[in-house]
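To find a chain, count down the sequence lines: A is the first, B the second, and so on, and within it residues start at 1.
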Amino acid sequence: MAAPYNHRALEEKWQKIWDEEKAFAATDDYSKPKYYALVEFPYPSGQGLHVGHPRPYTALDIVARKRRMQGYNVLYPMGWDAFGLPTENYAIKNKIHPKVVTENNVKRFKAQLHGLGYSFDWDREVNTTDPGYYRWTQWIFLKLFKAGLAYKSEMPINWCTSCKVGLANEEVVNGVCERCGSPVVRRVKSQWMLKITDYAEKLLDGLNDVDYIERVKVSQRNWIGKSQGAEVDFPIAGKDEKLTVYTTRPDTLFGATYMVVSPEHPALDKYKEEIGNWDEILAYREQAARKSDFERSELAKEKTGVQVDGLTAIDPVNDKEIPIWVSDYVLMSYGTGAIMAVPAHDTRDWEFAKKFNLPIIEVVAGGEDVQKEAYTDVATGKLVNSGFLDGLEVAEAKKKIIGFLEEKGIGRGKTNFKLRDWVFSRQRYWGEPIPIVHCEKCGYVPLPEDELPLELPEVDSYMPTDNGESPLAAMEDWVNTSCPCCGGPAKRETDTMPQWAGSSWYFLRYTDPKNDKALASREALEYWLPVDWYNGGMEHTTLHLLYSRFWHRFLYDQGVAPTPEPYQKRTSHGMILGENGEKMSKSRGNVVNPDDIVMDYGADTLRTYEMFIGAFDLSASWSENGVKGCRRFLERVWKLQDILADGDGYRAEFETKMHQLIKKVSSDYENLKYNTAIAAMMTILNDFSKAGSISRGEFRTFLILLNPVAPHITEELWEICGYGGRIYQQEWPRHDEAKTVENTVELAVQINGKMRATVKLPVDAQKDEAIAAGKAALGDKLSGNVIKEIYVPGRIINIVAK
RNA sequence: GCGGAUGUGGCGGAACUGGCAGACGCGCCAGACUUAGGAUCUGGUGGGAGACCGUGCAGGUUCGAUUCCUGUCAUCCGCACCA
């Protein structure tokens, strides 16, 4: 009888051995085929590991382990995305240096991850807060600056009232701070910005060449938000000035019955002397500015606006004079901040026109009464009331009108993007210092590269200030410096970089993490890039994933990165919810601590359970009973050693099943179908139990297949059974396709599509034989005239009778 | 509103290019072994007494539909006045 399955002793034992043997180190042997598997490195929070973390880590650990056994040189690294607000806030509250807080948290995270038996190459661990690391983050920033892609701009930013920090658009969710949930207001501040908009087209096109799950691509495309249309110049009546609008429907130009400019539009200020109701407009502008973006869209149902007295515009295609309105449904930040309103064919314009009683003129026929509803379909409909466009389809009309506008010089085809530039400044201490010096004479001057890293100074207080300055601003010794350009007095930039900086290139550093001459050697980058498989959360689709693609593409253009795209394949995992189906949170009291599971059931059980819990890409509810079920499975695997039979091969009755199993498990591991792979192993385990024995050859294969999911127990059983060497060094089993099919199959026999009997037949049975056998099996269940006989070999026999 | 996804037993979930719906696990029921079992093992388990009925709902295509098509409802997740 086997000794009891003592998961604690055994898991500790193997983790130690793997460490000593450096079992999972990626080698620098560039002649071998490589495989780069990547999971998002965690933010080492004070809470420690969450049961959500192991899901993606285990999934790619399975892939990494399998690939190693298939002969690949595998890079599966881990590190720490350790700059960030929670650490800084904790440091402030507890008066501990954020560096110390980070060290402690990293220590804890690492111990927890280690205890789960992941095959990370710990020699390549990176930490974004390490000066040896952020030196290169700063270096990339300087490259961006020199390429004109980093600039400082006075602009309204999203200001979190609680964190006292500027946020990127992506970090504002429903008008509140993504992190702390406090209201976000607009504040004008001078900010470092990155010109991600210059890369909009490239980031969009690049999606065509990568293997990302569809919803990630769709989200990125929507976020980039490319639209094609035209700019049209509307002269202001009696002035030598034009209002330029952007429209995706230049074909409806004849239907414009008024114009709308956003409240902040500069033309208003320019002509304020002539605007009869300037006071009213000013009041409206103030009211709009007070509203947060959130309120603005919340109140979207009810349109508001003010007509501009004393200014009108001329529709350039028909010389009609139309009124100009101000409304906050037109945004200064998109297009030109002014639109032509075609209420007949745009829902928002229609609502506005109805409210303020403005005329609605149909120019595309095909819908219902445009007085009752806007007709916005672009696929069907012919132009009417539109002069030379009459009778054309929408698509043709667009082409023709753009040609006309360009010919007359009153408009032009134009592409727009929703994507905004990236607000790159944070008024915080715990981030990478921006390596720029401001000199009265020379302006913003980059630090020379050989002065990097520009290290964070020791400060007494990390408290943010109410005036919006970083805590670094109070460090006079540090702030006051000399200009690298003219040598005169200058001041350092005191804002730091956002957390997204360090994570925008970390996958490059893993390839050569100790290099102090470059962010990584050219050889290492060329060998390892692109990342073959990157898994991470959906929540990072428009943040980290887009930002890192941008940096990578930029580095590619600079000749630093070897490939235009960083990640060949991107998948996303679903969330792990609490037992009650709600998101795990302290306040809901449904948090499960992975340490407890590892302690009580073992790392292998936790790994198996998280993979078995359900479809990888969907969210799943935790179930303690499910955990027990997986533990029971491993217990039964453990007991197989008691019924081990001689024989290095597969016995006749198991031969087909073994080949099917190898095939299924191998492909399921590649296709995110871990749950069915485990189910298949459970099934064959039941078969072995029932048979009362398992041959040494069968067990050998079974253990290797299970190893990526449950590495400790399989390694132990491998040793107990004396197969020799370590299981992690074995070659991945191969299946023989010919042996995956039985030579006889049980076929369902149907009458009129309904299952009535089954029959055993050779797989290659001919139709006559099959039909005859099927009829025999049906016996007297078959009555009436047979109209049709269907036989799909290996699948079904169907007799159609009346 | 736009975009994406998901609806299958008591529960989590399977089902290849249309071919025996409910694999596997949980739970439950019965039995065995036990002083005992919340341990382990064995058997059963969609509904219905039955012919039959069953994959959100209503149609359609097909010899045959969880799978394809049309419409519709519900839930979840993004984005949200982007002209």
| said: Check this one for me: any side-chain N or O of A:Asn625 less than 4.0 Å away from OP1 or OP2 of B:rG27? | reply: yes
**Prompt:** Hey, does A:Lys673 reach any base, or is it just sugar-phosphate, or nothing, if we go heavy atoms under 4.0 Å?
**Reply:** sugar-phosphate
Parallel, tilted or perpendicular: which one describes the rings of A:Trp422 and A:Tyr547, with boundaries at 30° and 60°? parallel
Across the strands shown, which category fits A:Ser333 at heavy-atom distances under 4.0 angstrom: base, sugar-phosphate, nothing?
-> nothing
Rounded to whole Å, NE2 of A:His540 lies from P of B:rG78 at a distance of 13 Å
Winner on side-chain proximity to A:Ser219, out of B:rG78, B:rC79, B:rC26, is B:rG78
| Looking across every strand, which nucleic acid part, if any, lies under 4.0 Å from A:Asn686 by heavy atom: base, sugar-phosphate, or nothing? | sugar-phosphate
Fill in: Aromatic ring pairing A:Trp325/A:Phe356, orientation class (parallel under 30°, perpendicular over 60°, tilted between)
tilted
task: Could you work out the separation of B:rC26 and B:rU70 based on their C1' atoms and round it to a whole Å?
output: 39 Å
One should read off an interatomic distance between A:Leu661 CG and A:Phe654 CZ, to the nearest 0.5 angstrom, of 11.0 Å
| A:Gln750 (side chain) and B:rG19 (base): donor-acceptor pair under 3.5 Å | yes
Step through it carefully: locate the ring centre of A:Tyr601, locate the ring centre of A:Tyr609, and say whether they are under 6.0 Å apart.
-> no
Paired to B:rA36 by Watson-Crick or G-U wobble criteria (both distances under 3.5 Å) is none
TODO: Please state the P separation for the pair B:rG1 and B:rU45 - nearest whole angstrom.
DONE: 47 Å
note: A:Leu761, atom CG; B:rG19, atom P; distance rounded to Å ~ 19 Å
* When all nucleic acid strands are considered with a 4.0 Å heavy-atom cut-off, which category describes A:Ser623: base, sugar-phosphate, or nothing? -> nothing
Answer for the Watson-Crick or wobble partner of B:rU55, both distances under 3.5 Å, is none
By the Watson-Crick or G-U definition, both distances under 3.5 Å, B:rU42 is matched with B:rA30
Rounded to whole Å, CE of A:Met755 lies from P of B:rG22 at a distance of 9 Å
Closest to the side chain of A:Val800, out of B:rG25, B:rC79, B:rC63, is B:rC63
_With rounding to the closest Å, how many angstrom separate the C1' atoms on B:rG47 and B:rG3?_
39 Å
Checking N1-N3 plus N6-O4 or O6-N4 for Watson-Crick, or N1-O2 and O6-N3 for wobble, each under 3.5 Å, the partner of B:rG78 is B:rC2
Closest to the side chain of A:Arg795, out of B:rG19, B:rC26, B:rA83, is B:rG19
Inset, instruction - Would you tell me if any nitrogen or oxygen in the side chain of A:Arg632 comes within less than 4.0 Å of OP1 or OP2 on B:rG27? - result: yes
Checking A:Lys639, A:Arg631, A:Arg632 against A:Glu635 for salt bridge (charged side-chain N to carboxylate O under 4.0 Å, His left out), the one that qualifies is A:Arg631
Keeping the roles fixed (side chain from A:Arg8, backbone from A:Met599), state whether a donor-acceptor pair exists under 3.5 Å. yes
Winner on side-chain proximity to A:Asp346, out of B:rA83, B:rA23, B:rG25, is B:rA83
Taken to the nearest whole Å, CE/A:Met681 to P/B:rC24 is 15 Å
Can you tell me how far P in B:rU55 sits from the matching atom in B:rG10, rounded to whole Å? 13 Å
Of A:Lys418 and A:Gly629, the one whose closest nucleotide on RNA chain B sits nearer the 5' end is A:Gly629
To the nearest angstrom, the CE-C1' distance between A:Met575 and B:rC77 comes to 9 Å
Among B:rC81, B:rA15, B:rC52, the one nearest any side-chain atom of A:Thr676 is B:rA15
5' to 3', nucleotides 3-13 of chain B under a 4.0 Å protein heavy-atom cut-off (B base, S sugar-phosphate only, - none) gives SS-------BS
| Any donor-acceptor pair under 3.5 Å from A:His659 side chain to A:Val741 backbone | no
P atoms of B:rG13 and B:rG60, separation to the nearest Å
32 Å
With syn meaning chi within 90° of zero and anything else anti, the base of B:rG7 is anti
So OG of A:Ser227 and OH of A:Tyr334: to nearest 0.5 Å the spacing works out to 3.0 Å
Determine the Euclidean distance between corresponding P atoms of B:rG78 and B:rA30; express it in Å to zero decimal places.
45 Å
Between CE of A:Met332 and C1' of B:rC81 the distance, given in whole Å, is 16 Å
A:Leu634 CG to B:rG25 P, in whole Å, measures 13 Å
Across the strands shown, which category fits A:Arg221 at heavy-atom distances under 4.0 angstrom: base, sugar-phosphate, nothing? nothing
Exercise for the section: Check whether any side-chain nitrogen or oxygen of A:Arg631 sits under 4.0 Å from OP1 or OP2 of B:rC26, and answer yes or no. Expected result: no
Exercise. Kindly check if the number of other-residue, nucleotide or ligand heavy atoms within 6.0 Å of NZ (A:Lys583) is above 12?
Key: no
Which of A:Ile799, A:Val800, A:Ile771 passes side-chain contact (heavy atoms from CB on, under 4.5 Å) with A:Val786? It is A:Ile799
Q) Would you say A:Tyr246 reaches B:rA83's phosphate, i.e. side-chain N/O to OP1/OP2 under 4.0 Å? A) no
Spacing of the P atoms in B:rA14 and B:rG9 (rounded, Å): 14 Å
message = Can a donor-acceptor pair be found, under 3.5 Å and without considering hydrogens, that links the side chain of A:Thr758 to the backbone of A:Glu746?
response = no
For B:rA14, the nucleotide meeting Watson-Crick or G-U wobble distances (both under 3.5 Å) is none
For atom P, what is the distance between B:rC16 and B:rG7, given to the nearest Å? 13 Å
Separation of B:rA14 atom C1' from A:Asn671 atom CG, nearest Å, is 16 Å
- Mind checking A:Glu789 for me? I need base, sugar-phosphate or nothing, with any heavy atom below 4.0 Å counting as a touch. nothing
